[in-house]
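Down below is the structure, laid out as structure tokens.
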Amino acid sequence: MPDSKYSPLPPWQRTDYCGALRARDEGRAVAVLGWVAARRDHGRLIFIDLRDREGIVQLVFNPEYAAAHDVAEKARSEYFIAVRGKVLRRSEGTVNAELPTGEIEVAVSECEILNTSPVPPFPIAEGEVAAEELRLKNRYLDLRRPEMLRNMRRRHRALKAVRDYLDENGFIEVETPILWKSTPEGARDYLVPSRVNPGRFYALPQSPQLLKQLLMVSGFDRYYQIARCFRDEDLRANRQPEFTQIDLEMTCPRPEDVMSVAEGMIAAAYQATLGIDIRPPFPRLAYAEAMERFGSDKPDMRFGMELRNLTEAFAGTAFKVFAEVLARGESIYAIAVPAEHQLSRRELDEMAESLRSRHGLGLAWAKTAQEGWQGPVAKHIGESEKARAAQAMALKAGDTLLMVAGDANKIRPVLGDLRLALGQKFGLCDAEGRSFLWVVDFPLFEYSAEEKRLVSVNHPFTAPHPDDLERLESEPLRVRSLAYDMVLNGQELGGGSIRIHSRELQLKVMDLLGLTREEALDRFGFLLDALTYGAPPHGGCAFGVDRLAMVLCGTDSIRDVIAFPKTQKAVDLMSGAPSEVSPRQLKELGIKVTS
RNA sequence: GGGGUCGUAGUUCAGCCCGGUUAGAACGCCGGCCUGUCACGUCGGAAGUCGUGGGUUCAAAUCCCAUCGGCCCCGCCA
């Protein structure tokens with residue numbers, strides 16, 4: 001008698017998923033197949049909780065069916081078994097209200113073990129979380145856990161909704177190459193050697209940016225793709241070397257048109273996954289205002305504690321530290337911690353020390369009270385300045401004022417980080433809160449001190465704001481772009497821009513970025529040529545699928561929404577990738593490994 | 001490249017500061033008993049390279065150094 005374990009075909013087909021059985025199925029003869037989640041052996045009566053992707057159902061093995069009962073005695077956790085039996089309504093008092101299937105059970109008449117299992121390296125159950133290293137080494141088991149299955153299904157639902165939405169709005173899904181051209185600007189590329197062209201390399205795309213622009217030149221009018229993107233940079237809790245973007249592009253849109261499509265898309269994803277009704281349009285906030293009020297281009301607006309500019313309030317101050325900064329034409333910004341959230345002297349000192357060591361900035365703090373300001377700097381600050389500051393900040397007695405002096409572009413982000421840290425510390429961020437917004441009017445360029453040249457804030461193909469075109473050469477740093485980022489709770493979900501569709505303007509921007517004509521033609525000649533052939537105005541956006549899935553699943557780790565993620569050292573613990581390859585493979589590729 | 005943190009039965013963790021008994025607990029696992037459990041119960045049992053290497057010491061899970069790995073962060077991510 002051959003062991004059923006070796007038969008590639010199950011003895012019978014399932015009629016129902018375990019987790020889908022309900023009281024309405026009472027009396028039906030059913031067949032279910034699944035994994036043993038738990039076994040309770042009462043000697044004569046045996047109960048097995050059988051799990052499949054839809055949930056758990058209780059099986060009852062009665063000694064009357066001796067053969068099935070014998071098999072059940074041998075069954076262990078995570079064995080894969082097939083049973084046939086009858087759905088029975090549970091008697092009064094044995095109903096399990098915790099389970100969706102708890103009103104019924106399957107009385108088993110036939111049972112076969114289709115495969116056995118060693119004791120799993122960690123429990124496969126709701127609410128049990130093992131060390132992540134173990135989970136990643138045994139990812140196929142980790143994915144058996146209901147939470148992970150739920151996350152992956154929610155991700156699927158979101159993408160399905162996005163696809164349906166974009167299809168309904170006339171977008172055509174087009175696949176673009178994974179093996180493509182290295183365009184060294186931005187993140188490091190993953191390179192793939194070409195055997196047929198020794199010494200040459202493909203690059204995996206950091207995004208399909210240029211390809212989708214070319215599709216607009218081709219006349220697709222509206223394109224989208226669920227695109228895998230690759231960036232060889234260090235990993236973070238929300239960053240993997242390969243990730244997925246919803247990439248879309250349209251012909252002749254205004255920024256509002258792209259934003260409106262994106263809002264509808266996100267709303268569709270929320271509706272499909274969580275049944276939550278998101279109501280666009282989202283507020284628009286200019287970059288300059290975001291920096292001024294929140295010290296961030298992706299502000300978390302679930303709470304206040306906004307930055308205020310106190311430069312005016314301290315004009316003519318006798319406080320030396322501030323006076324020196326003001327003399328240099330720099331600024332003083334502050335945030336006020338409301339009286340209901342008190343910081344200890346020690347916490348304030350630690351905060352100051354952290355600012356000093358990480359940014360070389362001093363923190364001037366003062367606690368306000370009826371009898372005046374308290375703190376190390378209080379006595380150096382004049383009463384009229386205090387009054388002006390109090391008015392500017394709308395201070396109440398008991399508030400703590402945190403002030404930083406220096407170059408506005410440097411200190412505002414520092415205060416912005418401080419604001420976020422305090423918001424977290426005091427639990428001001430409502431976990432259920434959803435604060436969507438668009439940040440618009442980004443600058444086109446910023447100055448890179450490291451490279452001593454202008455660099456693109458977004459990417460080199462972003463169109464300048466038409467109102468600022470005449471400043472392009474004279475004051476490039478004051479030119480805004482037609483770019484927009486969607487921000488949710490302080491995290492960038494996606495962003496995009498209207499692109500440059502004129503060869504001349506594109507060459508001018510590349511020139512300002514320090515690219516020579518030759519370099520521009522060498523790297524981007526195909527794009528520049530394409531633009532000459534009646535390229536229509538176009539623009540679009542890209543959204544991070546993984547980050548969206550994180551938000552929808554309520555997790556802080558991107559690895560919880562990716563089936564087979566990599567560790568912080570970019571290793572796949574399950575397969576061992578990246579691994580060494582044979583000398584023969586290397587030789588064929590003309591590659592010599594030197595380290 | 002840098003900073004922080006964790007690594008002890010299959011699992012989750014305690015023990016580490018202040019070195020000294022046979023390294024403990026819970027869950028899981030194995031065996032016996034058990035016909036209404038669902039975290040079944042009950043009786044018994046097995047189970048450890050204290051990440052690895054070196055050093056200090058009469059003696060190291062414990063102190064020191066190095067190293068490997070997981071995680072978080074800075075740099076990096078147009």
Side-chain angles (χ1 to χ4, degrees), chain A residues 37-51 56-64 69 73 76-78 88 90-99 101-102 105 107 117-138 141 183-189 206-207 209-210 229-241 243 354 357-359 417 421 442 444-446 448 450-451 453-462 481 483 492 495 497 509-510 513-515 523-524 542 544 556-559 565-569 571 573:
Chain A
R39 175 172 155 277
R40 293 176 292 280
D41 187 343
H42 289 232
R44 312 246 313 137
L45 257 196
I46 298 174
F47 299 97
I48 283 180
D49 290 342
L50 198 65
R51 184 191 66 240
I56 282 175
V57 72
Q58 174 165 283
L59 311 178
V60 198
F61 294 81
N62 207 288
E64 290 154 37
H69 191 269
E73 273 183 349
R76 293 293 181 272
S77 287
E78 301 309 319
L88 300 182
R90 296 204 201 176
S91 64
E92 194 90 16
T94 65
V95 167
N96 184 348
E98 305 287 305
L99 283 179
T101 59
E105 61 195 3
S117 169
V119 177
F122 51 83
I124 316 284
E126 199 94 43
E128 305 263 5
V129 181
E132 190 156 17
E133 191 172 358
L134 259 190
R135 293 172 53 200
L136 292 174
K137 268 184 187 143
N138 304 275
L141 295 179
T183 53
E185 171 145 16
R188 266 186 288 272
D189 284 321
Q206 295 180 23
S207 84
Q209 177 61 36
L210 295 176
C229 306
F230 306 85
R231 294 179 192 175
D232 187 5
E233 298 294 345
D234 286 349
L235 291 78
R236 284 288 187 282
N238 62 359
R239 253 163 49 190
Q240 284 271 307
F243 59 99
S354 154
S357 61
R358 289 170 63 170
H359 307 287
D417 286 347
F442 280 85
L444 186 63
F445 302 113
E446 61 190 349
S448 163
E450 196 187 331
E451 299 183 55
R453 65 174 181 94
L454 294 180
V455 294
S456 294
V457 167
N458 187 224
H459 55 57
F461 319 106
T462 301
S481 67
E492 181 192 330
S497 63
V509 167
M510 287 175 172
L513 289 170
L515 277 183
R523 292 181 199 172
F524 304 112
D556 289 328
S557 170
I558 195 171
R559 297 179 298 280
K566 293 175 181 61
T567 67
Q568 191 154 50
K569 293 192 76 179
V571 167
L573 288 181

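In the text below, chain A, chain B and the rest are named by the order of the sequence lines, each starting its count at 1. Here the structure is a predicted model, which means the values were calculated and not measured.
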| request: Could you check whether A/Q58 gets within reach of a base, just the sugar-phosphate, or nothing at all, counting any heavy atom under 4.0 Å? | output: base
Quiz item: Stacking check: are the rings of A/H42 and B/rC40 less than 5.5 Å apart at their centres and under 30 degrees in tilt?
Solution: yes
*Evaluate the criterion ring pair (Phe, Tyr, Trp, His ring centres under 6.0 Å) for residue pair A/F461 and A/F524; output intermediate values, then yes/no.*
CA-CA 11 Å; A/F461 319 106; A/F524 304 112; 5.4 Å; yes
Taken to the nearest whole Å, CD/A/E73 to P/B/rU35 is 12 Å
Determine the contact category for A/E446: base if any of its heavy atoms lies under 4.0 Å from a base atom, sugar-phosphate if only primed atoms, P, OP1 or OP2 are that close, otherwise nothing.
nothing
So CZ of A/R231 and CZ of A/F243: to nearest 0.5 Å the spacing works out to 3.5 Å
Give A/S456 one of three labels, base, sugar-phosphate or nothing, depending on what nucleic acid heavy atoms sit under 4.0 Å from its own.
sugar-phosphate
Carboxylate-amine/guanidinium proximity below 4.0 Å for A/D41 and A/R39: yes
Minimal heavy-atom distance between A/R44 and A/P63, with the atoms involved, is O-CD, 3.6 Å
Value for CG (A/L513) from OG (A/S448), rounded to nearest 0.5 Å, stands at 11.0 Å
Applying the 3.5 Å cut-off to both distances, the Watson-Crick or G-U partner of B/rU62 turns out to be none
Here the distance between atom P of B/rG32 and atom CZ of A/R44, to the nearest Å, is 16 Å
Donor/acceptor link under 3.5 angstrom from A/R358 side chain onto base of B/rG75:
no
Pick the P atom in B/rU67 and in B/rG20, then give their distance to the nearest Å.
28 Å
* Asked: Would you say a side-chain N or O of A/K569 is under 4.0 Å from OP1 or OP2 of B/rG70?
  -> no
Heavy-atom contacts, protein to nucleotides 3-11 of chain B, under 4.0 Å, summarised as B (base), S (sugar-phosphate only) or - (none) per nt, yield -------SS
- prompt: Distance between the P atoms of B/rC16 and B/rA61, in whole angstroms?
  reply: 14 Å
Rounded to whole Å, CG of A/D556 lies from C1' of B/rC72 at a distance of 11 Å
In Watson-Crick or G-U wobble terms, with both distances under 3.5 Å, the base opposite B/rC71 is B/rG4
Practice prompt. Could you tell me whether A/E233 and A/R239 make a salt bridge, using a distance below 4.0 angstrom between a side-chain N and a carboxylate O?
Written response: no
When rounded to whole Å, the CZ to C1' distance for the pair A/R231 and B/rC77 reads 7 Å
CD (A/E105) and CG (A/N96) are apart, to the nearest 0.5 Å, by 11.0 Å
Judged by nearest nucleotide, the residue sitting upstream toward the 5' end of RNA chain B, A/D234 or A/S557, is A/S557
Quiz item: Is the shortest distance from a Lys or Arg side-chain nitrogen in A/R40 or A/D49 to a carboxylate oxygen in the other one below 4.0 Å?
Solution: yes
*asked:* Check this one for me: any side-chain N or O of A/R76 less than 4.0 Å away from OP1 or OP2 of B/rC30?
replied: yes
For this session: Indicate, with a heavy-atom threshold strictly under 4.0 Å, whether A/D232 touches base, sugar-phosphate, or nothing.
Result: nothing
In whole angstroms, the gap separating C1' of B/rA39 from CG of A/D41 amounts to 17 Å
Looking only at heavy atoms, the pair that brings A/L45 and A/H69 closest together is N-NE2, 4.4 Å
- Could you tell me whether the side chain of A/R39 has a donor or acceptor atom within less than 3.5 Å of a complementary atom in the base of B/rC38? no
From the candidates B/rU35, B/rU37, B/rG70, the one with an atom nearest any side-chain atom of A/V571 is B/rG70
Whole-Å distance, A/E126 CD to B/rC27 P, equals 21 Å
- Does OP1 or OP2 of B/rU37 have a side-chain N or O of A/R40 closer than 4.0 Å? no
* To do: Report which part of the nucleic acid A/S207 touches: base, sugar-phosphate, or nothing (heavy-atom distance under 4.0 Å, all strands).
  => base
* Asked: Taking OP1 and OP2 of B/rC72, is either one under 4.0 Å from a side-chain nitrogen or oxygen of A/R559?
  -> yes
| query | Could one point to a donor on the side chain of A/R239 or the base of B/rC77 with an acceptor on the other under 3.5 Å away? | reply | yes
From NZ of A/K137 across to P of B/rG70 the rounded distance in Å is 9 Å
